[in-house]
Amino acid sequence: MRLKSRKLLSLCTLLIFICSVLCGCKKEEPKKTKIVTSCYPVYIMALNLTEGLDDVEVLNMSENHKGCLHDYKVQPDDLKNIEKSDAFIINGNGMESFLEKVTLQCPNLKIIDSGKGIDVIDGDCHHHYEDEEEEEHIEHEHEHCDANPHTWVSISNYIKQVENIRDGLISLDDKNSAKYKENAEEYINKLSDLKSEMHSKIDNVKNKNIVTFHEAFPYFAKEFGLNIVTVLNQEPETEPSAKEISETIETIKNNNVAALFVEPQYSSKIADVVSSETKVPVHTLDPAVTGEKSKDAYIQAMRKNMEVLVSVLN
């Protein structure tokens, strides 16, 4: 009886030992750094900077949105994803009109502003009146212009945004700092080569007068010396008035415009009407605000823009 008890005790001890060894050998999954981006161009930047890092996860908040974020409504699922993230990367300069709602919901969230330090161009301007002298009821008109947030469409600005994100990721996740620096250098070299190639082909085109149907291209035009004669603003929810269309047609007729440029994210219906009245052709330029989840998507979009411009403006 004693012998059986001893054997049983030894067997139990052996089983406990084996279990402890097996449990000790089981590796815990490393905690991933979770990053959420606000919009597609910033997402592509983050993809390049985190290339090869298995412990970093990147999610784009607005991946199902088909245009710019001007009037984007943050969804409950968006807030849940942001709340669980280690950082929220934004374009900045007014693109994320919903940012206050996010910061109220997630007060301790680390925000990486990719647009920090970029010289902005004025966008939409608003007039308002203030009664500064109540007794005499004298009204004074004031004009307030929002910053144009489409900074990334300039390759120089895009590079600056990549650098800002790189620095933000290093401060967030220092253990991967060497990889962030390596990835940034590799990507910036590609972007710099593209910028030089585009200048060599666009700088000397014959006619630089163009018209766009959304205010996404002023930074691009400034970088490559194009002259946007007028912009007929067109958003998904609204269409320009008959008066605005008529004025645009008159402006085009008086300014030797080479081409009308629409964007793949918006309808070309109004541009086709203007083209039929002015005999100026319609072509497409892509602001790279939507596209494939590919780290080379921005470069491919800009190269296609270069090819279109060289073909049309010469």
For this session: Spell out, as yes or no, whether a donor-acceptor pair under 3.5 Å connects the side chain of Glu96 to the backbone of Asn91.
Result: yes
Exercise. Is atom CD of Glu292 surrounded by more than 12 heavy atoms (other residues, nucleotides or ligands) closer than 6.0 Å?
Worked result: no
Exercise. Between Ser268 and Ala271, is there a donor-acceptor pair closer than 3.5 Å when you use the side chain of the first and the backbone of the second?
Worked result: no
Problem set entry | Closest contact, heavy atoms only, Phe217 versus Pro287 | CZ-N, 3.7 Å
For this session: Measure from the side-chain N and O atoms of Asn305 to the backbone N and O of Leu285, and report whether any donor-acceptor pair falls under 3.5 Å.
Result: no
Exercise. How far does CD of Glu239 sit from CG of Leu232, to the nearest 0.5 angstrom?
Worked result: 10.0 Å
Problem set entry | Heavy-atom donor-acceptor pair, Asn207 side chain to Leu313 backbone, under 3.5 Å | no
Exercise. So, Tyr158 and Tyr187: side-chain donor and acceptor under 3.5 Å apart, yes or no?
Worked result: yes
Exercise. Taking all non-hydrogen atoms of both residues, which atom of Ala259 and which atom of Val312 are closest, and how far apart?
Worked result: CB-CG1, 3.4 Å
Exercise. Taking atom NZ of Lys110 as the centre, does the number of heavy atoms from other residues, nucleotides or ligands within less than 6.0 Å exceed 12?
Worked result: yes
Problem set entry | Single hit among Asp86, Val56, Ile165 for side-chain contact (heavy atoms from CB on, under 4.5 Å) with Ile35 | Val56
Problem set entry | Whether over 12 other heavy atoms sit under 6.0 Å from Lys175 NZ | yes
Problem set entry | Residue pair Ile90 / Leu99: nearest heavy atoms and the distance that separates them | CD1-CD2, 3.9 Å
Exercise. In terms of side-chain geometry, is the basic nitrogen of Lys116 or Asp167 positioned less than 4.0 Å from the acidic oxygen of its partner?
Worked result: no
Problem set entry | Gap between atom CG of Asn60 and atom OH of Tyr40 - 0.5 Å precision | 9.5 Å
Problem set entry | Any side-chain heavy-atom pair of Ser311 and His283 under 4.5 Å | no
Exercise. Of Gln265, His214, Glu263, which meets side-chain contact (heavy atoms from CB on, under 4.5 Å) against Val289?
Worked result: Gln265
Problem set entry | Side-chain donor or acceptor of Ser192 paired with backbone N/O of Ile188 under 3.5 Å | yes
Exercise. Can any side-chain N or O of Tyr298 pair as donor or acceptor with the backbone N or O of Met45 at less than 3.5 Å?
Worked result: no
Exercise. Glu51 and Asn183: which non-hydrogen atoms are nearest, and at how many Å?
Worked result: O-ND2, 2.9 Å
Exercise. Is the backbone N or O of Thr151 less than 3.5 Å from a side-chain atom of Asn157, with the two atoms forming a donor-acceptor pair by type?
Worked result: yes
Problem set entry | Test item: Ser154 side-chain N/O and Phe220 main-chain N/O as donor-acceptor pair under 3.5 Å | no
Exercise. Which atom names give the shortest non-hydrogen contact between Val308 and Thr284, and what distance separates them?
Worked result: CG1-O, 3.7 Å
Exercise. Would Glu250 and Lys253 pass as an ion pair if we require N to O under 4.0 Å?
Worked result: no
Problem set entry | Nearest-0.5 Å distance, CG of residue Leu226 to OG1 of residue Thr212 | 10.5 Å
Exercise. Got a donor-acceptor contact below 3.5 angstrom from the Asn148 side chain to the Glu215 backbone?
Worked result: yes
Exercise. Between Gln161 (side chain) and Trp152 (backbone), is there a donor-acceptor pair under 3.5 Å?
Worked result: yes
For this session: Could you grab the distance from atom NZ of Lys295 to atom CG of Asn48, nearest 0.5 Å is fine?
Result: 5.5 Å
Problem set entry | Nearest heavy-atom neighbours spanning Ile44 and Ser294 | CD1-O, 3.3 Å
